[in-house]
2 protein chains.
Amino acid sequence: MNLTDKQRELIERIGVFQEKAGLQPVAGRIMGLLYVSDKPELTFDEIRETLGISKSATSNALNLLQQLNRLEYITYSGDRKRYFRLKLDKWRDLVLQGVESITDFSETLQEVVAERTGETKEYNQNLLEVADFLKYLHQELPKLLTQWEQQKK
Amino acid sequence: MNLTDKQRELIERIGVFQEKAGLQPVAGRIMGLLYVSDKPELTFDEIRETLGISKSATSNALNLLQQLNRLEYITYSGDRKRYFRLKLDKWRDLVLQGVESITDFSETLQEVVAERTGETKEYNQNLLEVADFLKYLHQELPKLLTQWEQQKK
DNA sequence: AGTATGGTTCTTGAAATTAGGAACCAAAAG
DNA sequence: CTTTTGGTTCCTAATTTCAAGAACCATACT
């Protein structure tokens with residue numbers, strides 16, 4: 001597949017972004033490619049060839065991205081190839097899924113405070129504040145999503 | 001410094017958490033230690049010794065954490081040591097700081113759509129939705145912080 | 001059955017990250 | 001001005017991550 005310079009640049013930028021979010025480089029670029037590509041559904045081989053990466057790297061990254069719920073593939077009868085595409089329409093789920101992990105840290109913080117000496121009142125207070133705000137976030141972010149849906153209309 | 005098993009476990013958990021957020025292991029553990037330690041202000045050497053790490057690792061991690069605005073140190077006249085502590089009281093700034101980076105990706109997404117073919121209407125629409133929600137988040141999250149401050153009283 | 005296609009798995013090498021040790025430096029203490 | 005203390009920097013070793021290549025496997029096609 002042919003890409004313009006601008007497209008390639010965008011792919012790299014998105015790739016770096018995804019790397020910072022914890023993905024491996026190849027996985028990030030695949031995301032980028034799927035964002036940018038005029039065809040939003042690409043085969044294994046189109047991806048491999050366009051990004052100039054090996055089959056193994058392609059296979060591993062695609063599987064990872066599927067596990068992370070970012071990607072899926074569809075098939076067409078009479079065609080053995082898989083057509084990979086972003087799960088863009090389900091981005092709301094991803095958001096909500098991300099929100100869940102906030103609670104974990106909040107709970108750890110509460111454990112920390114439970115374990116701490118009572119001597120450091122202000123410090124403990126600060127910790128509880130952070131924990132409480134995280135809980136608040138966890139509770140309010142889904143609402144924000146609904147509100148956004150509303151005001152969009 | 002002596003730590004209980006529970007404290008050590010919490011430090012490791014916090015450490016892993018911070019690693020996932022992009023810090024190096026030693027830096028993550030230092031954060032953990034400062035969360036957990038009964039003394040919230042620790043010297044270079046207390047940190048080094050408690051975590052059993054080298055001076056260089058300690059020095060580098062502490063400097064990194066200061067750059068990232070998570071840590072500061074204070075001094076006491078007549079005492080050459082630096083006392084490192086979390087910038088816990090300024091966690092609101094960190095939150096707001098994090099919110100800023102959301103916009104970047106939103107803008108990249110808009111660039112992507114600008115570059116895309118007009119053929120894939122629904123796909124482009126989805127991309128714009130994500131971009132728009134991110135902008136909404138960027139705008140609403142600071143408000144959420146203020147709201148939380150309010151309802152706390 | 002035999003072959004081609006689409007994709008996976010295993011092994012390995014290269015590159016990047018992480019952290020240790022030793023030498024070093026600046027300020028304070030003696 | 002010498003020594004000690006607190007911390008930094010440089011160099012290197014070890015570990016981890018990343019991705020390539022080749023062998024492999026399953027399904028579809030002939």
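Throughout, protein chains are lettered first and strands after them, A, B, ... in sequence-line order, and every chain is numbered starting at 1. Source: prediction; values computed, not measured.
- Taking every nucleotide of DNA chain D with any atom under 4.0 Å from a non-hydrogen atom of chain A, the first and last of them, 5' to 3', are dC18(D) to dA28(D).
- Closest non-hydrogen pair, Pro40(A) versus Leu34(A), comes out as O-CD2, 3.8 Å.
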>> So if I define the base as every atom that isn't primed, P, OP1 or OP2, how would nucleotides 8-16 of chain C read as a B/S/- string at a heavy-atom cutoff under 4.0 Å?
In response: BBB------

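- Neither Leu94(B) nor Tyr35(B) shares a network with the other; the hydrophobic side chains, linked directly or stepwise wherever heavy atoms of I, L, V, M, F, W or Y lie under 4.5 Å apart, form separate groups for each.
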Below 3.5 Å is the cut-off: list the nitrogen or oxygen pairs between protein and nucleotides 26-30 of chain C, distance only.
from    : atom 1 : to       : atom 2 : distance (Å)
dA27(C) : N3     : Arg80(B) : NH1    : 3.4
dA27(C) : N3     : Arg80(B) : NH2    : 3.1

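- Under a cut-off of 6.0 angstrom, the local environment of NZ in Lys20(B) is sparse, with at most 12 non-hydrogen atoms contributed by other residues, nucleotides or ligands.
- Remark: Asn124(A) engages Arg116(A), Thr120(A) in a side chain to side chain donor-acceptor pair (under 3.5 Å) (not counting sequence neighbours).
- Taking the charged nitrogens against the carboxylate oxygens, Arg8(B) and Glu12(B) have no contact shorter than 4.0 Å, which rules out a salt bridge.
- If you check the side chains of Glu41(B) and Tyr76(B), you find a donor sitting under 3.5 Å from an acceptor.
- Summarising the local packing, CG of Asp79(A) is surrounded by more than 12 heavy atoms from other residues, nucleotides or ligands at distances under 6.0 Å.
- Note: OH (Tyr76(A)) to P (dG6(C)) measures 16 Å, nearest angstrom.
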>> Please determine whether salt bridge (charged side-chain N to carboxylate O under 4.0 Å, His left out) holds for the pair Glu140(B) and Lys143(A), giving the CA-CA distance in whole Å, both sets of side-chain angles, and the decisive distance to 0.1 Å.
In response: CA-CA 11 Å; Glu140(B) 295 297 320; Lys143(A) 293 189 197 166; over 6 Å; no

> Could you walk me through whether Arg92(B) and Glu129(A) pass the salt bridge (charged side-chain N to carboxylate O under 4.0 Å, His left out) check?
Replying inline: CA-CA 10 Å; Arg92(B) 287 163 186 79; Glu129(A) 271 190 357; 3.1 Å; yes

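- In the region residues 17-31 of chain B, proximity to DNA chain D at under 4.0 angstrom, judged on heavy atoms, holds for none of the residues.
- Taking a 6.0 Å sphere around CD of Glu100(B), one finds it holds more than 12 heavy atoms contributed by other residues, nucleotides or ligands.
- Tyr83(B) and Leu33(B) sit in two unconnected hydrophobic clusters of ILVMFWY residues. Membership requires side-chain heavy atoms under 4.5 Å apart, directly or through other members.
- Partners of Ser101(A) according to the side chain to side chain donor-acceptor pair (under 3.5 Å) rule, which considers only residues two or more places apart in sequence or in another chain, do not exist here.
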